[in-house]
Amino acid sequence: MNRILVIGSAGSGKSTLSQQLSERLQLPIIHLDKYYWKPNWIATPDEEWDQFIADATSQEQWIMDGNYSRTLDSRIKRADVIIFLDMPRLLCIYRIIKRRIRYHGKTRPDLNEECPEKLDWAFFIWVWNYKKRSRMRVIKMLESVKGQKEIIIVETRKQVKELMNRVKVTG
């Protein structure tokens, strides 16, 4: 387990799980949101983003979290393990509201320092529609690498705890 990709809806727990795995396995962590969003929530241009993804995935060890569907295929190809947090919609909504309150006027640790936490209606709707919009595409991509990659689909908080209990401490 040298290259772990963690994907799922916003609010599914990608950053938290990635941080826990990084601490447990002593692997470097790459929060994609931290690199994609420039100050004041300006998106990285495609060409620059593609180069960043190529450079980041060429490393021998990493835990990478984030969606960014345009580059998902290249990240899946390079990963050893893919963890898909297929969490309930209401849990994801609850978590994005909770983090908005927790980080009001501040920046989350997994974001660029100049991107203060925000929650607008468009993002709320994006999270609400994740399963309908993106889930089947992700499942199909995972099915296409079945047998070549270790794929872990997690659907509950209990399964996250069970996964962490199975992960051996490095060091």
Side-chain angles (χ1 to χ4, degrees), residues 1-25 27-37 41 43-44 49 52-53 56-57 62-100 102-103 108-112 115 117-120 122-146 148-167:
M1 231 194 281
N2 285 313
R3 293 176 302 277
I4 303 170
L5 180 61
V6 182
I7 56 177
S9 173
S12 63
K14 296 181 302 294
S15 296
T16 301
L17 177 61
S18 296
Q19 189 63 46
Q20 292 170 346
L21 288 169
S22 175
E23 290 167 9
R24 175 109 10 128
L25 299 172
L27 293 174
I29 189 167
I30 302 167
H31 296 294
L32 292 180
D33 284 347
K34 185 176 254 184
Y35 299 97
Y36 182 78
W37 295 109
W41 294 97
T44 297
W49 184 242
F52 173 80
I53 293 297
T57 58
W62 43 260
I63 297 171
M64 185 178 292
D65 71 57
N67 289 311
Y68 302 98
S69 58
R70 196 176 60 73
T71 60
L72 184 56
D73 188 53
S74 64
R75 289 179 283 129
I76 285 175
K77 285 179 182 170
R78 188 70 178 129
D80 300 322
V81 177
I82 300 121
I83 301 172
F84 176 36
L85 296 176
D86 192 17
M87 304 303 265
R89 173 190 289 169
L90 289 177
L91 177 62
C92 295
I93 292 292
Y94 167 75
R95 286 176 171 170
I96 65 168
I97 293 169
K98 180 180 168 186
R99 79 179 180 205
R100 171 59 175 97
R102 180 177 180 196
Y103 291 103
R108 295 191 329 254
D110 57 314
L111 279 172
N112 182 315
C115 292
E117 183 64 22
K118 66 179 185 170
L119 177 58
D120 57 23
F123 184 63
F124 184 91
I125 295 300
W126 189 87
V127 173
W128 184 260
N129 289 327
Y130 177 84
K131 284 196 184 243
K132 182 171 60 173
R133 181 193 63 252
S134 303
R135 183 179 183 276
M136 282 315 300
R137 187 171 3 128
V138 170
I139 294 291
K140 285 179 183 175
M141 290 178 104
L142 296 178
E143 285 174 354
S144 75
V145 295
K146 203 173 192 174
Q148 304 163 40
K149 310 283 179 179
E150 182 178 355
I151 299 167
I152 301 168
I153 298 176
V154 179
E155 297 175 324
T156 66
R157 289 182 281 192
K158 181 181 179 188
Q159 289 175 345
V160 171
K161 288 178 186 171
E162 291 168 353
L163 171 64
M164 288 306 298
N165 287 337
R166 290 193 315 261
V167 174

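All values below come from the heavy atoms of this structure, side chains included, with hydrogens, waters and symmetry mates left out.
- Around atom CZ of F123, more than 12 heavy atoms belonging to other residues, nucleotides or ligands sit under 6.0 Å away.
- Among all heavy-atom pairs drawn from L85 and V160, the shortest one is CD2-CG2, 4.3 Å.
- Between L21 and I29 there is no side-chain heavy-atom pair separated by less than 4.5 Å.
- One finds the CD1 atom of I63 at 6.5 Å from the OG atom of S18 (value rounded to the nearest 0.5 Å).
- A heavy-atom distance below 4.5 Å is not found between the side chains of V167 and Q20.
- Remark: S9 OG to I93 CD1 distance equals 7.5 Å, nearest 0.5 Å.
- Within a 6.0 Å sphere centred on CZ of R157, heavy atoms belonging to other residues, nucleotides or ligands number 12 at most.
- Atom CG of L111 and atom OH of Y36 lie 13.0 Å apart (nearest 0.5 Å).
- Of all non-hydrogen atoms in Q159 and I153, the two that sit nearest each other are OE1-O, 4.2 Å.
- Residues W49 and T71 meet the side-chain proximity criterion, which asks for heavy atoms closer than 4.5 Å.
- With a 6.0 Å radius and a threshold of 12 heavy atoms from other residues, nucleotides or ligands, R102 has its CZ atom at or below the threshold.
- N67 is listed as a side-chain neighbour of K14, based on a closest heavy-atom distance under 4.5 Å.
- Scanning both residues, C92 and A10, for their nearest heavy atoms gives CB-O, 3.4 Å.
- Shown here for T57 and R78, the closest heavy-atom pair between the two residues is O-NE, 2.6 Å.
- At least one side-chain heavy atom of L90 sits less than 4.5 Å from a side-chain heavy atom of W128.
- Across all their heavy atoms, Y35 and T44 have their closest contact at O-OG1, 3.3 Å.
- Residue I83 holds its CD1 atom at 4.5 Å from CD1 of I152, rounded to the nearest 0.5 Å.
- Side-chain N/O atoms of D33 and Y68 include a donor and acceptor closer than 3.5 Å.
- Scanning both residues, E117 and R100, for their nearest heavy atoms gives CG-CA, 3.7 Å.
- A distance of 7.0 Å separates CZ in R3 from NZ in K149, rounded to the nearest 0.5 Å.
- A heavy-atom distance below 4.5 Å is found between the side chains of I4 and L25.
- The closest side-chain heavy-atom distance from M164 to L17 is below 4.5 Å.
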### Task
Would you please test D110 and K34 for salt bridge (Lys or Arg N to Asp or Glu O under 4.0 Å) and show each step?
CA-CA 6 Å; D110 57 314; K34 185 176 254 184; over 6 Å; no

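- The OG atom of S22 sits 12.5 Å away from the CE atom of M64 when rounded to the nearest 0.5 Å.
- With R99 contributing its side chain and R108 its backbone, the two residues share no donor-acceptor pair below 3.5 Å.
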